[in-house]
Amino acid sequence: MSYVMVDVESDGPIPGDFSMVCLGAVLVEPGLTRTFYGRLKPISEKWIPDALAVSGFSRSETLQFDDPKVTMQAFATWLKAESDGKPMFISDNNGFDWQFINWYFHHFLGSNPFGFSSTNLGSLYKGMVKDTFKNFKHLRKTRHTHHPVDDAKGNAEALLTMKNEMGLKIRL
C-alpha cells in the first residue's frame with residue numbers, strides 16, 4: 001500500500017454543481033519526487049468567483065483546461081504505475097478533497113482506485129499528540145501556495161516528519 005497525499009482546488013463547495021479546477025498528488029516517500037498534476041475543464045456553468053480566485057485561475061483560463069475524463073484517466077494511470085498495491089488517499093482536508101476526487105472518479109471512470117475510504121492528516125496529528133486543538137501545519141516545509149502539488153508536498157512533508165521524528169507507525 002502506498003500513501004498518496006492529494007490536494008484539490010475548485011470553483012465551488014461541492015462536486016457536480018461546481019467543478020474541480022485542478023488536483024495535485026504526491027507519493028509519500030523520502031524525496032517526494034513522484035507527483036501528479038492535472039487541470040480540469042469546468043463541468044458546470046455554476047462557479048463562485050471567490051472560490052475560483054483561490055486557485056489563481058480565471059474562468060476563461062479554466063475553460064481551456066483538459067477534459068475531466070482525460071485528466072482522471074491520467075491520474076488513475078499514474079496511481080497504478082506509482083503505487084505499491086492499492087493507494088491510500090490522505091489529505092489535509094479530506095472532507096473537501098475526497099468528495100471531489102471520489103465523485104470525479106466515479107462519474108468519469110466508473111470506479112475510484114482509492115476505494116471507499118480516506119485519511120485526514122489533521123485528525124491523524126491530533127490523535128498522535130493527544131490534543132484535538134493542535135494543528136500539524138507547522139510541520140510543512142514547502143510553502144502553502146494553493147498550487148495543489150505544492151500543498152500536497154507540504155502535507156506529505158508533515159506526514160514524513162510525523163513518521164520519522166514523532167514515531168508514527170506507518171509503512172511507506
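No hydrogens, no waters, no symmetry mates; every other heavy atom, side chains included, goes into these values.
Taking every heavy atom of both residues into account, P87 and L79 meet most closely at CB-CD2, 4.2 Å. Taking each heavy atom of G154 and R140 in turn, the nearest pair found is O-CG, 3.3 Å. Of all the heavy atoms in M5 and L121, the pair that sits closest is CE-CD2, 4.0 Å. Closest of all the heavy-atom pairs between G24 and A152 is O-CB, 4.1 Å. Of all heavy-atom pairs between A25 and W78, the closest is CB-CZ3, 4.1 Å.
Considering S118, S10, S91 as possible partners of D97, the one that fulfils the side-chain hydrogen bond (donor to acceptor under 3.5 Å, both in side chains) test is S91. With E9 as reference, D151 is the one residue of L52, D151, L23 to meet the side chain to side chain contact (heavy atoms under 4.5 Å, CB included) rule.
Here the CE-OG1 distance, from M166 to T161, works out to 8.5 Å after rounding to the nearest 0.5 Å. To the nearest 0.5 angstrom, S83 atom OG is 11.5 Å from M88 atom CE. A distance of 9.0 Å separates CG in D7 from CD1 in I101, rounded to the nearest 0.5 Å. Interatomic distance, N155 CG to F136 CZ, rounded to the nearest 0.5 Å: 4.5 Å. Rounding to the nearest 0.5 Å places CH2 of W98 at 14.0 Å from CG of N93. Rounding to the nearest 0.5 angstrom, the gap separating the NE2 atom in H107 from the CE atom in M72 is 11.0 Å.
Residues V6 and W103 are members of one and the same hydrophobic cluster, defined by side-chain heavy-atom contacts under 4.5 angstrom among Ile, Leu, Val, Met, Phe, Trp and Tyr. Note: the hydrophobic cluster containing V21 also contains Y37 (ILVMFWY, side chain heavy atoms under 4.5 Å, direct or indirect links). M20 and V149 end up in different hydrophobic clusters when Ile, Leu, Val, Met, Phe, Trp and Tyr side chains are linked at under 4.5 Å. The cluster map of Ile, Leu, Val, Met, Phe, Trp and Tyr, joined by side-chain heavy atoms under 4.5 Å apart, puts F89 and V8 in the same cluster. The hydrophobic clustering, which links ILVMFWY residues whose side-chain heavy atoms are closer than 4.5 Å, places F96 and L40 together.
With a 4.5 Å cut-off on side-chain heavy atoms, V28 and S2 do not count as touching. Counting heavy atoms from C-beta outward, L139 and E157 have side chains that stay 4.5 Å or more apart. Under the 4.5 Å side-chain criterion, counting only non-hydrogen atoms from C-beta, L32 is not in contact with T142. No side-chain heavy atom of T71 sits under 4.5 Å from any side-chain heavy atom of R39. Contact annotation: the side chain of S55 never approaches that of H146 to less than 4.5 Å [non-hydrogen atoms, C-beta and beyond].
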I90 and L159: CA distance, side-chain angles, deciding distance, side chain to side chain contact (heavy atoms under 4.5 Å, CB included) verdict
CA-CA 10 Å; I90 185 165; L159 182 59; 3.9 Å; yes

Checking F75 against Y104 for the ring pair (Phe, Tyr, Trp, His ring centres under 6.0 Å) test, could you report, in this order, the C-alpha distance in whole Å, the side-chain angles of both residues, the deciding distance, and whether it holds?
CA-CA 11 Å; F75 188 30; Y104 270 70; over 10 Å; no

Candidate pair R143 and D150, rule side chain to side chain contact (heavy atoms under 4.5 Å, CB included), full reasoning
CA-CA 7 Å; R143 195 171 135 253; D150 289 346; over 6 Å; no

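Other residues, nucleotides and ligands contribute more than 12 heavy atoms inside 6.0 Å of the NZ atom of K126. More than 12 heavy atoms of other residues, nucleotides or ligands sit less than 6.0 Å from atom CG of D131.
Looking at R34 and E82, a side-chain N of the basic residue comes within less than 4.0 Å of a carboxylate O on the acidic one, giving a salt bridge.
With sequence neighbours excluded, the residues that form a side-chain contact (heavy atoms from CB on, under 4.5 Å) with S44 are S19, K46.
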